[in-house]
K.L.:
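For reference, the structure I am asking about is given below.
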Amino acid sequence: MRSKLGSALALALIASAALLLSPGHVRASEEGCPGLIARRSLPIIPAALASNEVGLTYVGHATFLIETAGGVKIATDYNDYVRPSVTPDIVTMNRAHSTHYSAHPDPGIRTILRGWNPSGGRAPAYDERFADVRIRNVVTNIRQWGAESTIMEGNSIFVFEAADLCIAHLGHLHHTLTPEHLKQLGRIDVALVPVDGSYTLDIEGMMDVLSALSPRLIIPMHFFGQSTLNRFLDRARAKAWDTARLDGASMTLSRETLPGTPKVVVLQGY
């Protein structure tokens with residue numbers, strides 16, 4: 001098993017290097033996060049949720065499984081490498097990069113929301129209701145690697161509203177937010193935040209975003225090793241934010257149990 005994983009990782013790294021060296025690497029679909037290997041699939045036990053609760057499971061990388069009391073299952077940044085072991089009803093894909101979207105999703109998925117326009121131009125504007133959840137998006141821009149240019153509306157922040165909670169998945173955010181972005185986002189209770197500090201927004205910029213959003217709960221994602229995660233946690237503690245690490249990948253959210261001041265909670269991706 002170890003040799004197979006090593007081989008897969010080596011192939012992924014070679015593929016990433018090839019993208020960075022290729023003439024067309026600045027296309028949105030090719031901009032690089034490190035290559036990923038498929039994770040082993042662990043069973044997810046459906047959460048028994050009250051009407052005022054939402055289940056959240058960190059699957060890995062930038063993928064979370066969000067479950068509502070009405071039985072809706074949503075996977076964020078659904079891709080071919082990191083997937084929940086259950087088939088979601090709805091998937092969001094924030095941007096056109098291989099570790100954040102899939103061209104071959106499970107046919108059992110009922111609804112796919114892409115956060116960019118595959119044909120170029122303006123990204124779609126979603127404001128959809130599915131049973132007991134509302135899903136909407138706020139578009140942002142992304143930089144092109146190796147070129148001093150910007151892909152306009154190449155990323156979407158998706159907001160999931162259920163059980164009187166507003167959960168924002170910041171996606172592959174590359175810049176701080178404008179007053180218009182903040183107005184469109186509105187109240188954010190829980191922020192799912194990329195904290196790698198390089199492929200997305202740098203750590204200081206991300207702290208500015210979080211300060212502007214003022215979420216009560218902050219869940220880190222999109223980090224590549226404990227040193228990167230610890231750098232973000234150290235910066236959070238410097239702002240006097242409480243931090244905690246859970247033993248598992250899942251937690252139950254409710255408005256009643258939100259902390260009174262910002263708190264960072266690390267979930268263990270499976």
Side-chain angles (χ1 to χ4, degrees), residues 5 8-9 11-16 18-20 22 24-44 56-67 72-121 123-126 128 130 133 135-137 139-140 142 144-145 151 153-160 167-174 192 194 196 199-200 221-224 249 269-270:
L5 290 177
L9 180 57
L11 288 173
L13 292 174
I14 291 170
S16 295
L19 290 177
L20 290 175
S22 66
H25 76 272
V26 296
R27 292 203 303 269
S29 60
E30 296 177 344
E31 182 181 345
C33 295
L36 297 176
I37 57 174
R39 295 165 181 259
R40 70 185 174 96
S41 179
L42 296 182
I44 293 178
L56 182 72
T57 298
Y58 183 37
V59 181
H61 198 53
T63 301
F64 291 83
L65 180 70
I66 299 171
E67 299 176 87
V72 181
K73 294 179 175 61
I74 306 160
T76 67
D77 274 22
Y78 181 90
N79 62 80
D80 295 324
Y81 301 90
V82 181
R83 292 184 176 183
S85 59
V86 298
T87 300
D89 304 295
I90 303 163
V91 302
T92 61
M93 304 176 188
N94 81 293
R95 60 154 304 180
H97 175 247
S98 60
T99 56
H100 296 268
Y101 93 116
S102 172
H104 306 285
D106 188 315
I109 296 168
R110 289 163 32 196
T111 303
I112 298 173
L113 304 177
R114 295 176 177 85
W116 74 100
N117 184 344
S119 301
Y126 299 111
E128 311 285 345
F130 306 89
V133 62
I135 303 176
R136 54 191 180 87
N137 70 316
V139 296
T140 65
I142 56 176
Q144 293 194 85
W145 287 88
I151 301 173
E153 300 195 356
N155 174 73
S156 276
I157 296 172
F158 281 96
V159 180
F160 309 90
I167 304 169
H169 186 289
L170 298 189
H172 217 271
L173 186 62
H174 285 191
L192 311 178
D196 59 277
Y199 293 95
T200 60
M221 63 170 183
H222 205 266
F223 51 89
F224 308 103
Y270 66 78

K.L.:
Can a donor-acceptor pair be found, under 3.5 Å and without considering hydrogens, that links the side chain of Thr76 to the backbone of Ala62?
P.N.:
yes
K.L.:
Mind checking whether His222 and His61 have side chains closer than 4.5 Å, heavy atoms only?
P.N.:
yes
K.L.:
Are Thr87 and Ile109 side-chain neighbours, meaning at least one heavy-atom pair lies under 4.5 Å?
P.N.:
yes
K.L.:
Minimum heavy-atom separation for Pro124 to Val139, with atom names?
P.N.:
O-CG1, 4.3 Å
K.L.:
Ala103 and Asp80: which non-hydrogen atoms are nearest, and at how many Å?
P.N.:
N-OD2, 4.4 Å
K.L.:
Between Asn137 (side chain only) and Gly115 (backbone N and O only), is there a donor and an acceptor less than 3.5 Å apart?
P.N.:
no
K.L.:
Using atom types as modelled and distance alone, determine if a side-chain donor or acceptor of Asp89 lies under 3.5 Å from a backbone N or O of Val72.
P.N.:
no
K.L.:
A side-chain contact here means heavy atoms from C-beta on lying under 4.5 Å apart; do Lys73 and Leu65 qualify?
P.N.:
yes
K.L.:
Do you know the tightest heavy-atom contact between Met93 and Ile112?
P.N.:
CE-CG2, 3.8 Å
K.L.:
State which residues pass ring pair (Phe, Tyr, Trp, His ring centres under 6.0 Å) with Phe160; sequence neighbours excluded, sorted by chain then number.
P.N.:
none
K.L.:
To the closest 0.5 Å, what do you measure between CG (Leu170) and CD1 (Ile157)?
P.N.:
5.0 Å
K.L.:
If the condition is side-chain contact (heavy atoms from CB on, under 4.5 Å), which residues does Thr63 pass it with, not counting sequence neighbours?
P.N.:
Val59, Asp77, Asn79, Val82, Pro84
K.L.:
Taking the side chain as everything from C-beta on, heavy atoms only, tell me whether Thr92 gets closer than 4.5 Å to His169.
P.N.:
no
K.L.:
Would you say that Phe158 contacts Leu113 through its side chain, given a criterion of any heavy-atom pair below 4.5 Å between the two side chains?
P.N.:
yes
K.L.:
Could you check if a side-chain atom of Phe130 sits within less than 4.5 angstrom of a side-chain atom of Ile135, using non-hydrogen atoms only?
P.N.:
yes
K.L.:
Any side-chain heavy atom of Leu192 within less than 4.5 Å of one from Ile167?
P.N.:
yes
